[in-house]
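Since the structure comes first, as structure tokens, the remarks are kept for the end.
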There are 2 protein chains.
Amino acid sequence: MQVDEGIAILKENGHKYTDKRADILTYFIHAKGYRSAKALLAYMETSYTGISLDTIYRNLRLFEQLELLESREKNGEKLFKIACKSGTHHHHFICESCGLTKPLQKCPLPVYTEELADYHVNTHAFELYGLCPTCHNR
Amino acid sequence: MQVDEGIAILKENGHKYTDKRADILTYFIHAKGYRSAKALLAYMETSYTGISLDTIYRNLRLFEQLELLESREKNGEKLFKIACKSGTHHHHFICESCGLTKPLQKCPLPVYTEELADYHVNTHAFELYGLCPTCHNR
DNA sequence: TTTACAAATCGAAATGATTACGATAGAATA
DNA sequence: TATTCTATCGTAATCATTTCGATTTGTAAA
């Protein structure tokens with residue numbers, strides 16, 4: 001995902017370019033994992049003194065709606081990361097220290113074909129949490 | 001899980017019996033799946049007019065701490081269900097129609113030993129959603 | 001049964017994350 | 001540049017949850 005692509009998707013959907021939006025995208029593209037609204041705010045304040053909370057949260061919602069960002073919840077707050085462009089179904093390992101997300105190649109669903117033969121499976125949620133090699137060796 | 005067992009665990013840990021606590025346990029034992037603090041409050045208010053939010057949230061926290069309840073987050077709120085008494089680690093299939101939860105025998109973790117050889121896995125979340133045989137055939 | 005005291009509850013205020021709003025600034029288009 | 005929405009600002013409101021001083025209650029010992 002490039003900033004340009006994100007901006008293009010914004011415009012296709014009738015939204016305007018702003019430097020703040022480009023910077024928000026840049027922030028999440030460079031962050032390899034989940035980040036909070038608070039963390040984004042801290043980052044944005046370095047470039048835009050007095051930026052409004054409205055701007056932070058409104059754009060986070062917009063980007064998630066446009067599927068430029070994905071989110072999950074933890075300890076009562078929402079965490080965001082750049083969306084995975086690969087259209088194929090996959091799961092993630094999430095580093096609890098730095099937030100890095102590693103896409104996993106396998107899906108555990110086949111494990112249960114036998115056990116749930118009589119059941120109709122619609123969806124599933126699967127995430128692994130721990131420490132990435134970098135954080136583990138520190 | 002019986003109400004008596006829950007009360008016993010409360011006492012073993014130096015907490016007192018109250019009718020409200022017994023009723024909270026009853027509520028979650030009879031509930032088929034996850035319930036919100038708000039839903040519990042609505043239920044409790046039918047028996048205890050003017051019950052304090054403090055009582056609701058304090059006991060939810062206590063019960064989760066004592067592992068009588070388990071929780072997950074959705075749409076900015078915490079949802080609770082009665083904990084599974086079997087001490088062994090397992091996952092669930094959850095029927096989206098009737099709320100039935102079927103404990104699963106297998107855990108998908110071994111699938112990833114190779115892929116995450118350099119990673120330190122602490123925890124994982126895995127749930128399957130769909131229709132149980134009864135609901136599917138209706 | 002009564003007493004004593006820590007724990008539980010109440011009523012209400014505080015907190016933290018998020019959302020909403022009226023006024024102003026700014027991007028896009030002709 | 002003039003026009004027209006959209007975006008942002010500054011601040012207030014909202015929602016779930018936590019906290020707190022005062023009061024009540026469970027429970028164990030007298």
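All chains are named by letter (A, B, ...) in the order of the sequence lines, taking the proteins before the strands, and each is independently numbered beginning at 1. Heavy atoms only: backbone and side chains are in, while hydrogens, waters and symmetry mates are out. Not measured: the values here are computed from a predicted model.
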*asked:* Looking at B:Glu45, I want to see if its CD is surrounded by more than 12 non-hydrogen atoms of other residues, nucleotides or ligands under 6.0 Å.
replied: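 Yes, CD of B:Glu45 has more than 12 neighbouring heavy atoms, counting only those of other groups under 6.0 Å.
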_Would you say NZ of B:Lys102 has more than 12 non-hydrogen atoms from neighbouring residues, nucleotides or ligands within 6.0 angstrom?_
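For B:Lys102, atom NZ is crowded (more than 12 foreign heavy atoms under 6.0 Å).
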*Got a donor-acceptor pair under 3.5 Å from the side chain of B:Lys16 to the base of C:dA6?*
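For B:Lys16, whose side chain was compared with the base of C:dA6, there is a donor-acceptor pair (under 3.5 Å).
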Can a side chain N or O of [X] be found less than 4.0 Å away from OP1 or OP2 on [N]?
{"X": "B:Arg61", "N": "D:dT18", "result": "yes"}
{"X": "B:His15", "N": "C:dA7", "result": "no"}
{"X": "A:Thr55", "N": "D:dC9", "result": "yes"}
{"X": "B:Arg58", "N": "C:dT9", "result": "yes"}
{"X": "A:Lys20", "N": "D:dC9", "result": "yes"}
{"X": "B:Asn75", "N": "D:dA16", "result": "no"}

*Could you tell me how the ring of B:His120 sits relative to the ring of A:His136: parallel (under 30°), tilted (30 to 60°) or perpendicular (over 60°)?*
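Parallel.
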Closest nucleotide among [options] to the [X] side chain:
{"X": "B:Asp54", "options": "D:dC9, C:dG11, D:dT17", "value": "C:dG11"}
{"X": "A:Ile51", "options": "C:dA28, D:dC9, C:dT19", "value": "D:dC9"}
{"X": "A:Glu77", "options": "D:dT17, D:dA7, C:dA17", "value": "C:dA17"}
{"X": "B:Tyr57", "options": "C:dG11, D:dT18, D:dT27", "value": "D:dT18"}

[atom1] of [X] versus [atom2] of [N]: gap in Å, rounded?
{"X": "A:Ile56", "N": "C:dA20", "atom1": "CD1", "atom2": "P", "answer": "17 Å"}
{"X": "B:Asn13", "N": "C:dA6", "atom1": "CG", "atom2": "C1'", "answer": "16 Å"}
{"X": "A:Glu64", "N": "C:dT18", "atom1": "CD", "atom2": "P", "answer": "11 Å"}
{"X": "B:Gln65", "N": "C:dA8", "atom1": "CD", "atom2": "P", "answer": "11 Å"}
{"X": "B:Asn59", "N": "C:dT9", "atom1": "CG", "atom2": "P", "answer": "5 Å"}
{"X": "A:Tyr17", "N": "C:dT29", "atom1": "OH", "atom2": "C1'", "answer": "18 Å"}
{"X": "A:Lys78", "N": "D:dA16", "atom1": "NZ", "atom2": "P", "answer": "14 Å"}
{"X": "A:Ile7", "N": "C:dA27", "atom1": "CD1", "atom2": "P", "answer": "12 Å"}

*Linking I/L/V/M/F/W/Y whenever their side-chain heavy atoms sit closer than 4.5 Å, directly or via other members, would B:Leu128 and A:Leu128 fall into one cluster?*
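Same cluster.
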*Examine B:Tyr27 and B:Leu53 and state if one hydrophobic cluster contains both, with Ile, Leu, Val, Met, Phe, Trp and Tyr joined whenever side-chain heavy atoms are less than 4.5 Å apart.*
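Hydrophobic grouping puts B:Tyr27 with B:Leu53.
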*Starting at the 5' end of DNA chain C and moving along, which residue's nearest nucleotide shows up first, B:Leu10 or A:Thr18?*
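The 5'-side residue here is B:Leu10.
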*So which of B:Glu70, B:Arg72, B:Glu64 actually passes side-chain contact (heavy atoms from CB on, under 4.5 Å) with B:Phe80?*
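Of all the options given, the one that passes is B:Glu64.
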*Indicate, with a heavy-atom threshold strictly under 4.0 Å, whether A:Arg21 touches base, sugar-phosphate, or nothing.*
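Since only primed, P, OP1 and OP2 atoms lie under 4.0 Å of A:Arg21, the category is sugar-phosphate.
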*Specify the residue among B:Ala37 and B:Lys11 whose closest nucleotide of DNA chain D lies further upstream toward the 5′ end.*
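Of the two residues, B:Ala37 wins.
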